[in-house]
A.B. asks: 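Sharing a structure, written as structure tokens. Questions coming.
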Amino acid sequence: MLALDFETGGRRAGVGTGLLDGNAVHEECERVAAMVAPRFSISSVVDERARTVRIHAGDWRAAIALVVLSISPTIP
């Protein structure tokens with residue numbers, strides 16, 4: 001529901017791959033994750049053939065930020 005814009009029938013502005021600031025889906029996931037205070041996470045990037053091309057691990061917020069930085073040049 002957070003990703004949908006019911007007025008236009010499409011995706012809500014600010015929601016998409018690699019978008020963190022202002023992304024309602026990312027912000028809600030981060031809010032919920034903060035409730036359990038994870039100490040570690042593993043985030044991965046896969047290519048169009050579902051092959052893992054990058055893995056980032058460590059602090060949960062830092063790992064997702066590194067994934068986004070690693071794919072930013074390829075985000076349309």
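Fair warning: this is a prediction, and the values are worked out from it, not measured in the lab. For the numbers below, each heavy atom of this structure counts, side chains included, while hydrogens, waters and symmetry mates do not.
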A.B. asks: Quick one: CZ on R12 to CD on E7, what's the gap to the nearest 0.5 Å?
C.D. replies: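 Taking CZ in R12 and CD in E7, the distance rounds to 10.5 Å.
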
A.B. asks: Would you give the length of the straight line joining atom CD1 of I42 to atom CD1 of I64, rounded to the nearest 0.5 angstrom?
C.D. replies: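 Going from CD1 on I42 over to CD1 on I64, the span is 13.0 Å.
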
A.B. asks: As an exercise, state the distance from CG of N23 to CD of E28, rounded to the nearest 0.5 Å.
C.D. replies: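 That separation rounds to 11.5 Å.
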
A.B. asks: Taking distance alone, no hydrogens or angles, what donor-acceptor pairs closer than 3.5 Å link side-chain atoms of residues 52-61 to residues at least two apart or in another chain?
C.D. replies:
{"from": "R54", "atom 1": "NE", "to": "S70", "atom 2": "OG", "distance (Å)": "3.4"}
{"from": "D59", "atom 1": "OD2", "to": "R61", "atom 2": "N", "distance (Å)": "3.1"}
{"from": "D59", "atom 1": "OD2", "to": "A62", "atom 2": "N", "distance (Å)": "3.0"}

A.B. asks: Using the rule side chain to side chain contact (heavy atoms under 4.5 Å, CB included), only one of V68, L66, V67 pairs with S43; which is it?
C.D. replies: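 One option only clears the test, and that one is V67.
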
A.B. asks: Minimum heavy-atom separation for R11 and G16, please, with both atom names.
C.D. replies: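 Taking R11 first and G16 second, the nearest heavy atoms are NH1-CA, 3.6 Å.
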
A.B. asks: Might you point out which heavy atoms bring L20 and A65 nearest each other, and give the distance in Å?
C.D. replies: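 Answer, listing the atom of L20 first, then A65: CD1-CA, 4.5 Å.
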
A.B. asks: Once side chain to side chain contact (heavy atoms under 4.5 Å, CB included) is applied, do any residues pair with E27, and if so which ones, sequence neighbours excluded?
C.D. replies: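 For E27 there are no side chain to side chain contact (heavy atoms under 4.5 Å, CB included) partners, ignoring immediate neighbours.
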
A.B. asks: Please list every donor-acceptor pair under 3.5 Å in which a side-chain atom of residues 44-51 meets a protein atom from a residue at least two apart or in another chain.
C.D. replies:
{"from": "D47", "atom 1": "OD1", "to": "R49", "atom 2": "N", "distance (Å)": "2.9"}
{"from": "D47", "atom 1": "OD1", "to": "A50", "atom 2": "N", "distance (Å)": "3.2"}
{"from": "D47", "atom 1": "OD1", "to": "R51", "atom 2": "N", "distance (Å)": "2.9"}
{"from": "D47", "atom 1": "OD2", "to": "R51", "atom 2": "NE", "distance (Å)": "2.7"}
{"from": "D47", "atom 1": "OD2", "to": "R51", "atom 2": "NH2", "distance (Å)": "2.7"}

